Amino acid sequence: MSSNIASNTASAHLTIDLNALADNYRQFQAMTDDTCEISGVIKANAYGLGAKQVFNKLKSLGCPQIFVATLDEALSLRVHDKKTPIAVLGGLFTGAEKEYLTNNITPVLNTPHEIKAWSTMAKNENTKLPTYIHFDTGMNRLGLSADEARALINDQSVLNSLGLQLIMSHFACADDKDHPFTQEQADKFAAIATHFPNAKKSLSNSPGLFTDPSYHYDLARPGYALYGGNPTPHLKNPMKPVVHLKVRVLQVRNVKKGETVGYAASHTFKKDTRTATVALGYADGFLRSNSGSKSGEAKLYYNDTACNVLGRVSMDLVSIDIDHLPNLKQGDWIEVLGHNQSVDALAHSAGTIGYEILTSLGNRYKRYYIGAE
Ligand SMILES: *Cc1c(COP(=O)(O)O)cnc(C)c1O
């Protein structure tokens, strides 16, 4: 796809298909009841794909709620849009409380201290502030502990000055369909939810959405699947791919038997071999764990033909075996992510998850957005 776009200067083309992202969003709408709204999680620059472009696309689809991780991420979106609800999963940052208020940003309150501070501000401003509260149900990262939840349930007076709109929790193991922890968390959340009948409820991330309809509640929070990642690792990916990446061949070489390639001279050629050096390195999210000496698993593709990675992946370059591709020449394009290799497949060969691949993509790609608003 991206190879059709002529650019003489770029060493790499990263194409982000926002129409595919829109189709993924609509798929979430189609698979949930009308009572379940679909938010967009666009933390970490929309998983590396461009928060502003994804934000504008989601807005055009009527997305009712955006989640980011940090206040700064929220503030940088507020520059483009004053109204769309934006919530900060990281909570209410001490010392920056007023920033939320003046910029119409909602913290997801994670501690009794944050609830108190938000409530005090509501009183001082004489207004009912929109209030979202995160209850921890087993992840032990963010949110009220079981004891803190009990205390709040027993004495909800601190909420009197607040407009409680949403309660949420987050799954630890929803990507493992057989893990009993997910249902345990769902049961804990359901028990808490009964005490807040007037608040909307939110529980599901991408895999949670696909695990059980009872997890959908009023607001789903997909991130990864929106960007085309597989939310059902045990099954074929139901999402449309959003990310396509091609990189340029910088040099073609004929290497002699017994010679080596790259740092640490980690790969020794067993026979005379044609190789290509391509404009891709760990600075571009092609992780060093893809080095050929270690696993030999990582592949790049010329048209539809697989090429093995040879030796170490360096910052800007990687070498591949093209002995079986006599026509490949300098300036040709090599697929990293596309129909031959999904984000999940590349992640698997690098020994990580697709989330890390996406958020590592780096800043020096020439980026093309299909279907931008
Ligand atoms: C990141 C995040 C999500 C989105 O998770 P995905 O697995 O990417 O769908 C949802 N909720 C919370 C609290 C998160 O931190």
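Numbering of ligands and ligand atoms starts at 1, following listing order. None of these values were measured; they are calculated from a predicted model. As a basis for the values below, the full set of heavy atoms in this structure was taken, side chains included, without hydrogen atoms, waters or symmetry mates.
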Between the side chains of D176 and H234, is a donor N or O closer than 3.5 angstrom to an acceptor N or O? no
Salt bridge flag under 4.0 Å for residues K246 and E335: no
Going by atom types only, do Y217 and E37 share a side-chain donor-acceptor pair under 3.5 Å? no
Is D323 salt-bridged to K271, cutoff N-O under 4.0 Å? yes
Between N230 and T232, do the side chains contain an N or O donor and an N or O acceptor separated by less than 3.5 Å? yes
Less than 4.0 Å from some atom of ligand 1, heavy atoms are found in residues V41, K43, Y47, L89, M168, H170, N205, S206, P207, R221, P222, G223, Y224, Y355
Verdict with reasoning, Y215 to F210, per ring pair (Phe, Tyr, Trp, His ring centres under 6.0 Å): CA-CA 9 Å; Y215 303 162; F210 287 82; over 10 Å; no
